[in-house]
Amino acid sequence: MKPLTLSWPKRIALSLLVGALAALASQGQWFWKQDEAVYDAYVGAWDYTPDPRLLIVAIDDDSLQQIGQWPWPRSTHARLLDRLTHAGTRRVVLDLMLSEPDRQDSAQDAELAAAIRRNGHVVLPVLAAPANGPGMAEELLPIPMIAANAATLGHSDIEVDGDGVARGLYLTAGIGSPHWPALGLALADQRGPLPGLIDADTHPASPYQWRRNHFVRVRYAGPPDSIPQVSYVDVLNGEVDPALLQDRLVLVGMTASGIGPRLLTPTARERWMTGTEYQANVASMLLAGKAITPLALPWQAALSGLLVALCALGLTLPRAVASALLALPMALLTSFVLLRAGNLWFAPAAALVFTLVVIFAWVLWRISAWRRQANSDALTGLGNRLRFEQVLQQEHDAGRRSARPLTLVLIDVDHFKQHNDLYGHHAGDAVLRRIASTLRAHARRPRDMAARFGGDEFALILPDTNAEGAVQVVEDLIADVRALKVPTDPGHTLQVTLTVGIYTRVPTATSEPRHYFAGADAALYRAKDAGRDGYAADAEDAGDDAGHIDGARTES
């Protein structure tokens, strides 16, 4: 395949234009499913050793069986907290909804509040209730008595993608402004700048909207059992060695089957995970500095556009398809390297799709160009002998159906061999190109066709053209060619003349295209015998079988 014959500035401009289209597509999130499939493949088995300080106190099936039906009295949770306090835990997330007071025994609330106060490092959840229809968004906080004793509150808003997989979360969220940390962030208790995409819009349309910020993708440590767990009932009954609880970051939450929510994750093994295990993975990720930050849209668009632009540029080089196809692994490799080396997520699908689209469009363009080349003369750009025979057959059939006349014109350049021998092939080629340009100018109608057989032989096919019209076209053509001044040597020009044969008939059921060629060829030889630089016409009259019109040679 030949490369595109464009100057380098035009190649670069074309490549940048195609890249800009890909950049726009990448911002539209049109290919999010494909992006997530690539992401899941990259992170599915990308495990790591979680922070050893993390521990889940699981409200599991054994605990429900031994303690009794859920929900349990709040005094039970107070006893558990006291166990953790005496063991010297560093921080405790009590992932329980406490937004309503105990309506049967208010002392239960006071007992739990006191236990929280004694611990001094308890984090409680804020439930996000986004706006639903005409209703406003809500924050369901623990009751004031309990909330007042917590070290901090954290939101439990979990981001689930359109395919049902939990791949990321907002580290901060809240009504009016993102003021609550995520539970996992609150458990990690990290200070300093937060990772993640920052929402630059700090002025919400309504102060009652649920606002979120600092979006990250969760780097899971592995399957749910990656983070150690102990049973709630074992801790409550003192069956867990206090040394195992000392200085731990503890998350108390539901893991029992059929009660707590379960989330689908991109991990390769044991893909389902409870909300408690999810928040523990968030804390582990933050403690290890492994949060994955998606590229901001401008950078995402710029990188996608650059990759597709390189693909388009490759199509202008030798081995075009092979050069362009390099953009496909390059996009995947770029995404992989940024993820593994920099904890940055570049969604490659827009670049991949647009690369394939560009290559497909280029292949279609090349096929079209090859078809044009197969039907055109390389020197003049006119139709070649193959194309001439196809069009003559088509117009013959069309004329037979419509009973309209068809004219075939055969043209020879006078003394062309002498011109070639005297002035050289470059001058001869210039003559042929100038004549071809003049012929094309006289084949004005959409169905008219100019062709070159080879050498100095040309033809015109003129559908729906009677003898008078054909003669007028030929006379104008001969006059225009006589007026040509083809440069040869500096200061010298060459005058060129034509000899033309014209054949006009209404196609019939018994006629064939070869009859037209034979008739025009016979007229051409009559014109040559008459002295060249003129024409002879063979036309069917109303009263005769055939009529002959000869154009006399006229000196210029």
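Hydrogens, waters and symmetry mates are skipped; everything else that's a heavy atom, side chains included, is used.
Between the side chains of Asp60 and Thr255, no donor-acceptor pair is found at a separation under 3.5 Å. A donor atom on one side chain and an acceptor atom on the other are found under 3.5 Å apart for Thr267 and Thr265.
Glu277 has its side chain out of reach of Ile227: every pair of non-hydrogen atoms, C-beta onward, lies at least 4.5 Å apart.
The backbone N or O of Ser75 sits less than 3.5 Å from a side-chain atom of Gln108, completing a donor-acceptor pair. Although no hydrogens or angles enter the test, the distance criterion places no donor-acceptor pair under 3.5 Å between the side chain of Thr89 and the main chain of Gln246. When atom types are taken as modelled, the side chain of Thr380 and the backbone of Leu382 share a donor-acceptor pair closer than 3.5 angstrom. Judged by distance alone, with hydrogens and angles left aside, the side-chain atoms of Asp161 form no donor-acceptor pair with the main-chain N or O of Gly164 at under 3.5 Å. Between the Asp234 side chain and the Val230 main chain, no donor and acceptor come within less than 3.5 Å of each other. Of the possible polar contacts, none joining the Asp241 side chain to the Leu244 backbone as a donor-acceptor pair under 3.5 Å is found. At least one donor-acceptor pair under 3.5 Å links the side chain of Gln190 to the backbone N or O of Leu286.
Residues passing the side-chain contact (heavy atoms from CB on, under 4.5 Å) test with Asn237, sequence neighbours excluded: Gln66, Val233, Glu239. For the side-chain hydrogen bond (donor to acceptor under 3.5 Å, both in side chains) test, no residue two or more places apart in sequence or in another chain qualifies with Thr152. Take His86 and apply the side-chain contact (heavy atoms from CB on, under 4.5 Å) test, not counting sequence neighbours, and it matches Asp82. Applying the side-chain contact (heavy atoms from CB on, under 4.5 Å) criterion to Arg212, with sequence neighbours excluded, gives Asp157, Glu159, Tyr170, Ala173, Trp210. For Trp46, the ring pair (Phe, Tyr, Trp, His ring centres under 6.0 Å) criterion is met by no residue, not counting sequence neighbours. In terms of the salt bridge (charged side-chain N to carboxylate O under 4.0 Å, His left out) criterion, Arg248 has no residue partners (sequence neighbours excluded). Scored by the side-chain contact (heavy atoms from CB on, under 4.5 Å) test, Thr85 finds Asn119 as partners (sequence neighbours excluded). Applying the side-chain hydrogen bond (donor to acceptor under 3.5 Å, both in side chains) test to Arg385 and every residue at least two apart in sequence or in another chain returns Glu389. With sequence neighbours excluded, no residue satisfies ring pair (Phe, Tyr, Trp, His ring centres under 6.0 Å) with Tyr278.
Using a 4.0 Å cut-off between charged nitrogen and carboxylate oxygen, Arg167 and Asp40 count as a salt-bridge pair. Under a 4.0 Å N-O distance rule, the pair Arg74/Asp102 does not qualify as a salt bridge.
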Pairs of donor and acceptor atoms involving the side chains of residues 333-352, under 3.5 Å and at least two apart or interchain, shall be tabulated with distances.
residue	atom	partner	partner atom	Å
Thr334	OG1	Met330	O	2.7
Ser335	OG	Phe346	O	2.8
Arg340	NH2	Tyr42	O	2.8

Can you give me every donor-acceptor pair (side chain of residues 179-187, partner residue at least two apart or in another chain, under 3.5 Å) with its distance?
residue	atom	partner	partner atom	Å
His179	ND1	Ser177	O	2.6
His179	ND1	Ser177	OG	3.1
His179	NE2	Glu139	OE2	3.3
Trp180	NE1	Glu139	OE1	3.3
Trp180	NE1	Glu139	OE2	3.1

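Between atom CZ of residue Arg217 and atom CG of residue Leu169 there is a gap of 12.0 Å, rounded to the nearest 0.5 Å. To the nearest 0.5 Å, atom CG of residue Leu81 and atom CD1 of residue Ile116 are 6.0 Å apart.
The side chain to side chain donor-acceptor pair (under 3.5 Å) contacts involving residues 283-295 comprise Tyr48-Ser284, where partners must be two or more places apart or lie in separate chains.
Around CH2 of Trp70, the count of heavy atoms belonging to other residues, nucleotides or ligands within 6.0 Å exceeds 12.
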- Message: Applying side chain to side chain contact (heavy atoms under 4.5 Å, CB included) to Val93 and Val250, what does each step give before you reach the verdict?
- Response: CA-CA 6 Å; Val93 168; Val250 175; over 6 Å; no
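The shortest non-hydrogen separation linking Gln394 to Arg387 is NE2-NH1, 4.5 Å.
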